[in-house]
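By convention in this document, chain letters (A, B, ...) are assigned in the order of the sequence lines, proteins followed by strands, and residues within each chain are numbered from 1.
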2 protein chains.
Amino acid sequence: MQQEKPRRSNRERSDTTRAAILDAARDLFIAKGYADTATPDIVAAAGLTRGALYHHFEDKKALFRAVLEREAGHVAAAIELSDRGQGSPRDALLTGASAYFDAMSIPGRVRLLLLDGPAVLGVAEIAAIDAAHGGRTLREGLAAAMPPGRLDGAGLTATAVLLSAAFDRAVLEIDAGAARDPYLGAIGRLIDGLTGR
Amino acid sequence: MQQEKPRRSNRERSDTTRAAILDAARDLFIAKGYADTATPDIVAAAGLTRGALYHHFEDKKALFRAVLEREAGHVAAAIELSDRGQGSPRDALLTGASAYFDAMSIPGRVRLLLLDGPAVLGVAEIAAIDAAHGGRTLREGLAAAMPPGRLDGAGLTATAVLLSAAFDRAVLEIDAGAARDPYLGAIGRLIDGLTGR
DNA sequence: CTAACTAACATACAGGCTGTATGTATGCAA
DNA sequence: TTGCATACATACAGCCTGTATGTTAGTTAG
């Protein structure tokens, strides 16, 4: 019974352990929240020790940030993918909202991105994270759907931000057990009201 | 130099120390956040020891909850107070929004009620807290301002929840340094769109 | 090919924090 | 005034984070 020596390159080793730590951390952050998740538990779940964690990440918060960035990337990719529809600007907004609902219905994403994220990293950093992953789309979609010339840049930005907040709250409520249809309907009413029916 | 013996009743002692702990905790939770605030620091600021804290509160989270409830009460009271205007339902909504903006501009309230609160206590408990302090008003105000019969109960509730989310995000942005006017304007546009101009 | 260096971990340690258990003094009630 | 309960203070155990140090394996210079 000769043991198979892995003989992997350093790069491979780093990548796999990094991924293992990220996966385990994600699961535990989702299950118990950031504060109640201990680094010994994370590395135990990944079959490693805390030495590996602190070799790859500066501290627990940096690990959390890495988990969030990966998750935000997945959400952005899912929305991007659904963007092929070329209906009216109004329909494009509703399609995007629906895709956002779908993407955020993956268990744990609400907690990661909308609850623990802002509290642990602060609003500025969270805004930076999902701005880096395509936060422009909503503002542009809204600009396309609004009657032109009625809104200056600041007004448009503020409106897009508030609409995004409505999206977030909707997925929060749905995640907490609320029905999806009333919130998708309410989003539609908000959009229709803004774009002038 | 005879020392003046306080000779206070037990009830008095409890009330003052409870208040002292709540005050000190509020200041530190605001300044450093819930997670980075240590109970030794809280009681040191209050001139007491941890024994007093754990005598009056079950644990750190319960203390935080008590701080939040007091703060939510102040916000609700401020809004209630501004509610005397009996203009159109639409104006009443905008007046309420403005009052909410004012109330939440007290430093630290955004962090307490909108960032740390949901993350530490969970959305359900936060919802319960500000439902207990008059969360009905927005739904009722919206019902009065909307054209009647166009919305069932679930739709109205969802719309009110999303509008409330927009309020929250607006004060978050303003708290983070954004200008107030664009957001008050955006709120107005949302309301006008919902109520059919 | 090998010696030196470095990356990728594991192990050990120091400080701090939370929650609890225990001790003490003061108000209160019989 | 005697006994009990309330309002604290003090002491302790366990856990967690971040760092410092040790060890093994991969990489590179000569």
Side-chain angles (χ1 to χ4, degrees), chain A residues 2-29 31-68 116 119-121, chain B residues 2-29 31-68 116 119-121:
Chain A
Q2 180 74 345
Q3 268 296 68
E4 199 66 29
K5 277 270 186 66
R7 181 61 185 175
R8 294 182 302 169
S9 81
N10 262 351
R11 177 62 181 273
E12 277 176 311
R13 263 164 52 98
S14 277
D15 286 354
T16 59
T17 65
R18 228 186 113 91
I21 293 173
L22 282 173
D23 288 342
R26 199 200 92 107
D27 289 349
L28 287 168
F29 286 153
K32 321 199 317 182
Y34 174 82
D36 290 344
T37 297
T39 53
D41 292 349
I42 295 174
V43 293
L48 296 163
T49 66
R50 286 171 13 96
L53 195 161
Y54 280 90
H55 176 73
H56 285 283
F57 302 94
E58 189 179 346
D59 56 9
K60 189 185 169 188
K61 201 181 284 189
L63 168 61
F64 183 65
R65 193 177 308 131
V67 169
L68 279 203
D116 284 356
V120 173
L121 300 180
Chain B
Q2 181 75 344
Q3 270 296 68
E4 199 66 29
K5 278 270 185 65
R7 183 61 184 176
R8 295 181 301 169
S9 83
N10 261 351
R11 178 62 181 272
E12 276 177 311
R13 263 164 50 100
S14 278
D15 287 352
T16 59
T17 65
R18 229 186 113 90
I21 293 175
L22 282 172
D23 288 342
R26 199 200 91 108
D27 289 350
L28 287 169
F29 286 153
K32 320 197 321 179
Y34 175 82
D36 291 343
T37 297
T39 53
D41 292 350
I42 295 174
V43 293
L48 296 163
T49 66
R50 287 172 11 97
L53 195 161
Y54 280 88
H55 175 73
H56 284 283
F57 302 94
E58 189 179 345
D59 55 9
K60 190 185 169 188
K61 200 181 285 190
L63 168 60
F64 184 66
R65 192 177 309 131
V67 169
L68 279 204
D116 285 355
V120 173
L121 300 180

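- Within the 4.0 Å cut-off from OP1 or OP2 of D:dT17, at least one side-chain nitrogen or oxygen of A:T39 is found.
- A donor-acceptor contact under 3.5 Å is not formed by the side chain of B:R13 with the base of C:dG27.
- Closest to the side chain of A:A38, out of C:dG19, D:dC16, D:dC8, is D:dC16.
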In dot-bracket notation, what is the pairing pattern of DNA chain D, taking Watson-Crick (N1-N3 plus N6-O4 or O6-N4) and G-U wobble (N1-O2 and O6-N3) contacts under 3.5 Å, with [ ] crossing and | for other strands? ||||||||||||||||||||||||||||||
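- Among the protein residues, B:T16 comes within range of no part of the nucleic acid, since none of its heavy atoms lies under 4.0 Å from any strand.
- Contact check, A:S14 against C:dA8: a side-chain N or O comes under 4.0 Å of OP1 or OP2.
- Ranking D:dT19, D:dT6, C:dT18 by closeness to the B:N10 side chain, first place goes to D:dT6.
- Taken from CG in A:L63 to CZ in A:F29, the straight-line distance is 4.5 Å, to the nearest 0.5 Å.
- Between the CZ atom of A:R18 and the CG atom of A:D23 there is a distance of 11.5 Å, given to the nearest 0.5 Å.
- Contact annotation: B:T17 reaches the phosphate of D:dC8 (side-chain N/O to OP1 or OP2, under 4.0 Å).
- In the set C:dA10, D:dA11, D:dC8, the nucleotide with an atom closest to the side chain of A:L48 is C:dA10.
- Residue contacts for B:T49: at a heavy-atom cut-off of 4.0 Å it reaches a base atom on one of the strands shown.
- At C:dA8, one or more side-chain N or O atoms of A:H55 fall inside 4.0 Å of OP1 or OP2 (strictly under the cut-off).
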